[in-house]
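Contents: one structure, followed by commentary.
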Amino acid sequence: MALTLMEGNEAIARGAVAAGCRFFAGYPITPATTILNHMLAMLPPLGGVCVQGEDEIASIGLCIGASMAGMKAMTATSGPGISLYSEQISFAVGSEIPLVIVDIQRLGPSTGSATRGADGDVQFLRWGNSGGMPVIVLAPIDVRDCFTLTVQAFNLAERYRCPVFIASNKEIAMTRETVPIEGLNPGEVVERRPPPAAQPFLPFETAPGEAVPGFLPIGGKTLVRQTSSTHGPDGYITTDPAVITRTLARMQAKIESAVDRFTLVDHRPAAGADTLLLAYGVSARAAAEAARRLTETGRPVSVLILKTLWPVPEAAIRRAAEGMRRVLVVEMNLGQYVHEIARVLPGVRIDFYGQMDGRLITPDTITEALIHG
Amino acid sequence: MDSLLNATRPPVFCPGCSHERITHTLDQAFRALGLSGAEICMVSDIGCSGLFDTFFHTHALHGLHGRALTYAAGIKLARPELNVVVTMGDGGQGIGGAHLLAACRRNLDLTLLVLNNFNFGMTGGQYSATTPPEAQVGSGFLNRLERPLDIAEIARAAGAPYVVRCSAYRGDLSAVIAQAMAYKGFSVVDIWGICPGRFSKRNRLTPKLIEEMLARHPVMEGEIAENRRPEYGASYREIAAGLRPVAAPEAIEPRFAPAGRGREEVILLGSAGQRILTAGELLCLAGAHAGLHTTQKNDYDITVLRGPSISELILSPEPIGFSGIARPSVVVALGPEGVARRRKTCEGLTAEAVVIQAAGVDIPAGTARTRRVDFKAQGIKPPDWALAALGVMAKLDVVMRPEMLEAALAARLKGESLAGALELVRRVETGAWVEA
Ligand code: SF4
């Protein structure tokens, strides 16, 4: 079995290119900068474009423009930059612009620590758009995930016409790992879907029974309108409450009702377990290790690793929690996703272990929290 | 050429608004250039100038305040053949100032029309980046305290190769706009006009007064000779065409039997400049050449040439879950800053652990067996200590064997640097065990 050695950020860049990404714009920020470096090395020789924006707002704006002009586009940043992206994220969400946004989380709040990891942005990613529309967020646990989830992110962005977030972490992004080379296989790559040819084109019109409008690029033969204003199917500003309600309900449903089709979880049940460890991101590796050790010593513990964070994969969480007396949620923050779990599993004892001090959560601390928590 | 004006969506500006004139003038410019709607993309900003995209049968993108130039740049880079026209107000120049500067410096072939009417019309006549201090606007006394920006002068200073400053009432405005669009590069047309809805309610402003104001400024009428240069997109594509594609990830086939005692957890402790991280990567590659799973997690300050540099490595026959190290099996101590950062870990070392210690670097090594190596006495300079320490490990069969290390070096280095590295790891003397 041939291995290759790379860091998470390189795997994201390679996954993006494998998924057909040909436009990248970013602004240097540790720990996301190496994605910019890799994209700059990879895209121009392929006829693609990689540029350094004058700031984060410009970087994502460049991507929005390029995406609307028909290119698969990605940008990458960390906490301080994702904050600046916010207004443009709202635009991409509200105007159904396919885009992959990578957040290499670092220790916050604010400038925080550039070279320390955390998972402190997971609620911000969900709620960081004005209007509070649903978004898709995927969270890798290792380098191989960085590759495969980036391909998935592009596929979902194209299929659902929306921004898709990768919620990585300095501890994955800048950690090198050996990966079996066959693990870096993109599999299916989804392309942008044009509207049915017969009707006159309306930029936000959906075909009967569909929730996602077909896409035509700005710059093609057919005139395309894009707008950040409240709009109906024709892409012109509207104040008609019925049109607004229909449009927003469709946009909400296209993401929320589809989650079962892209629920990426790793469920590791242990026979006889009545406790479920639930984790995501790099902490999931410590959680799995803690559960393995405990199970080996006769105290079985099941594990559920979430790689789809948003929309909350409620069905998968309920399935994994069946028969469980207790769920321990482990997060590299002070308690964010645990609120979703408490909402999804009423009546189950939900415990939380969080740590946000720049260090990895260790299997030992999780074991401690399981036994004495 | 037919008009590109959208007959079903006529302009909705206040009576007498100069934006209305500019709308029709722009249509004349499109016709003069013989462009169809599909050859044009209008990118509009926020405010009354932000309505422009709706009046034309062209491609159109209307986005957030001040950011129009960012979308326009993305569109133009993706579709170089498209004529991209950006309309922004004076308000957009304030909030999007960084993007104006960047667009001037970058010189993509975009045309920026600044619909400059000296205030925020839509939100109630507040002062903008171009409001004169003596004007009466909707911001109380605040505009009296700030100097207005001269957009054209800023564009010139920032490197725009084509700048016009003119009146919305100028008779040949459509020709001015058409020439700006035809220019191969970033062109800025700063068009001074009147907002009767807000500004000229409290301030006297007429086309004649605008002419007088313009006359007090240096003339800007097109190409700025000192800023003339190749267009960004064309230059980008030309350079890109000469670049070589990045190779696929390198596949490492296991060639050797692993050394050591199963899972090994190694910490390299040094100082910035000692190439600790490179040594860590080499150790991972050495492991991969023996079919081992490896992780490398680095720890360093944001400073580059000072402070600790630490690399934590796991080499394991089994896939690696948790990538942190609590109880290392090997510690390599090469610099005091690194040791200080991991003092606790070092103090807890047990008899199974091995420490490779550079002479002169103190380490509280618990009960670990310690091998002291005097790199300095061997004539090895500090930037090479980490590599030399790998040589020591290989010679002692700690974590890896010499053939694993040499394969790793061959995978990373070439020519003289490979020869030099091989020479170093072969020549390094392995010191002696320190008596407990
Ligand atoms: S407020 Fe001013 S700029 Fe806006 S439409 Fe009225 S006159 Fe024109």
Side-chain angles (χ1 to χ4, degrees), chain A residues 1-6 14 23 25 30 41-42 44-47 49 51 53-55 57-58 61-71 87-88 91 114-115 171 174-178 181 184 218-229 236-237 282 285-286 288-289 360 362-364, chain B residues 9 37-38 41 43 53-54 57-64 67 69-79 81-82 98-99 101-102 236 239-240 243-246 249-254 280-281 284-285 287-288 291-302 320-324 326:
Chain A
M1 173 193 58
L3 298 171
T4 194
L5 180 68
M6 69 172 71
R14 288 193 182 272
F23 192 97
T30 307
M42 282 194 279
L46 296 175
V49 175
V51 288
E54 57 270 25
D55 57 27
I57 298 172
L62 279 150
C63 290
I64 285 173
S67 176
M68 281 314 302
M71 290 177 104
E87 62 173 27
Q88 304 274 38
F91 182 15
T115 59
E171 294 289 353
M174 298 180 70
T175 297
R176 279 200 190 93
E177 284 190 84
T178 42
I181 201 124
L184 305 181
I218 282 177
K221 286 203 180 70
T222 307
L223 296 184
V224 173
R225 280 190 53 71
Q226 179 53 283
T227 180
S228 56
S229 297
Y236 285 102
I237 193 164
V282 72
R285 298 166 66 152
E289 183 71 22
L360 284 174
T362 66
D364 286 353
Chain B
R9 293 182 180 268
C41 182
V43 181
D53 59 283
T54 62
H57 280 303
T58 63
H59 290 289
L61 188 145
H62 167 74
L64 287 143
R67 316 303 172 205
L69 285 167
T70 73
Y71 315 124
I75 292 168
K76 185 70 185 180
L77 284 165
R79 300 246 171 197
E81 72 288 355
L82 205 55
H99 313 310
L101 297 182
Y236 191 105
I239 294 170
L243 298 174
R244 264 193 297 174
V246 167
E250 150 192 45
I252 304 167
E253 297 287 351
E281 186 186 6
C284 284
L285 288 169
L292 296 175
H293 300 269
T294 68
T295 63
Q296 178 187 17
K297 181 168 130 58
N298 301 320
D299 184 346
Y300 45 87
D301 289 351
I302 41 167
I320 299 165
F322 178 62
S323 58

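Order of the sequence lines sets the chain letters (A, B, ...), proteins ahead of strands, with each chain counted from 1. Computed over heavy atoms, backbone and side chain alike; hydrogens, waters and symmetry mates excluded.
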Non-hydrogen atoms of chain A under 4.5 Å away: do they reach the side chain of [X], the backbone, both or neither?
| X | result |
| --- | --- |
| B/L101 | neither |
| B/L82 | side chain |
| B/R244 | backbone |

Sort out for me which of [options] touches chain B most, counting heavy-atom pairs under 4.5 Å.
| options | result |
| --- | --- |
| A/E54, A/M1, A/M42, A/E177 | A/E54 |
| A/K221, A/Q226, A/R176, A/E87 | A/R176 |
| A/P363, A/A41, A/A288 | A/P363 |
| A/G219, A/P44, A/A66, A/A69 | A/G219 |
| A/A114, A/G220, A/A286 | A/G220 |

A/I57 versus B/R67: any side-chain heavy-atom pair under 4.5 Å?
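Yes - at least one pair of side-chain heavy atoms lies under 4.5 Å apart.
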Could you tell me whether the side chain of B/T70 reaches within less than 4.5 Å of the side chain of A/Q88, counting heavy atoms only?
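Result yes, sub-4.5 Å side-chain heavy-atom pair found.
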Please test A/D364 against B/F322 for side-chain contact (heavy atoms from CB on, under 4.5 Å), starting from the C-alpha separation and ending with a verdict.
CA-CA 11 Å; A/D364 286 353; B/F322 178 62; over 6 Å; no
As an exercise: rank [options] by heavy-atom pairs under 4.5 Å with chain A and give me the winner.
| options | value |
| --- | --- |
| B/L69, B/L61, B/L285, B/L243 | B/L61 |
| B/A98, B/A72, B/A326 | B/A98 |
| B/V43, B/L292, B/T295 | B/T295 |

Derivation of the side-chain contact (heavy atoms from CB on, under 4.5 Å) call for B/E281 and A/L5:
CA-CA 9 Å; B/E281 186 186 6; A/L5 180 68; 3.9 Å; yes
Heavy-atom pair with the smallest gap, counting every atom of [X] and [Y]:
| X | Y | answer |
| --- | --- | --- |
| A/L184 | B/P249 | CD1-CG, 4.0 Å |
| A/L62 | B/A73 | CD2-CB, 3.3 Å |
| B/L77 | A/F23 | CB-CE1, 3.9 Å |
| A/F91 | B/L64 | CB-CD1, 3.7 Å |

Rounded distance (nearest 0.5 Å) linking atom CD1 of B/I320 with atom OG1 of A/T178:
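Those atoms lie 5.5 Å apart.
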Measure the OG-CD distance between B/S323 and A/E289 for me, rounded to the nearest 0.5 Å.
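With rounding to 0.5 Å, OG (B/S323) is 10.5 Å from CD (A/E289).
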What part of A/T30 gets within 4.5 angstrom of chain B, counting heavy atoms only: side chain, backbone, both, or neither?
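No part of A/T30 comes within 4.5 Å of chain B.
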What's the verdict on side-chain contact (heavy atoms from CB on, under 4.5 Å) for B/Y71 and A/M68, showing C-alpha distance, side-chain angles and the deciding distance?
CA-CA 9 Å; B/Y71 315 124; A/M68 281 314 302; over 6 Å; no
Among all residues two or more places apart in sequence or in another chain, which pass the side chain to side chain contact (heavy atoms under 4.5 Å, CB included) test with A/I237?
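By the side chain to side chain contact (heavy atoms under 4.5 Å, CB included) rule, A/I237 matches A/S229.
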Looking at [X] and [Y], would you say the former's side chain and the latter's main chain have a donor-acceptor pair under 3.5 Å?
| X | Y | answer |
| --- | --- | --- |
| A/R285 | B/G321 | yes |
| A/T4 | B/A251 | no |
| A/T175 | B/K297 | no |
| B/R79 | A/I218 | yes |

With A/D55, which residues qualify under salt bridge (charged side-chain N to carboxylate O under 4.0 Å, His left out), at least two apart?
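None.
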By the definition side-chain hydrogen bond (donor to acceptor under 3.5 Å, both in side chains), identify the one residue from B/T54, B/T58, B/D53 that meets it with A/R225.
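So, applying the side-chain hydrogen bond (donor to acceptor under 3.5 Å, both in side chains) to A/R225 and each of B/T54, B/T58, B/D53, only B/D53 qualifies.
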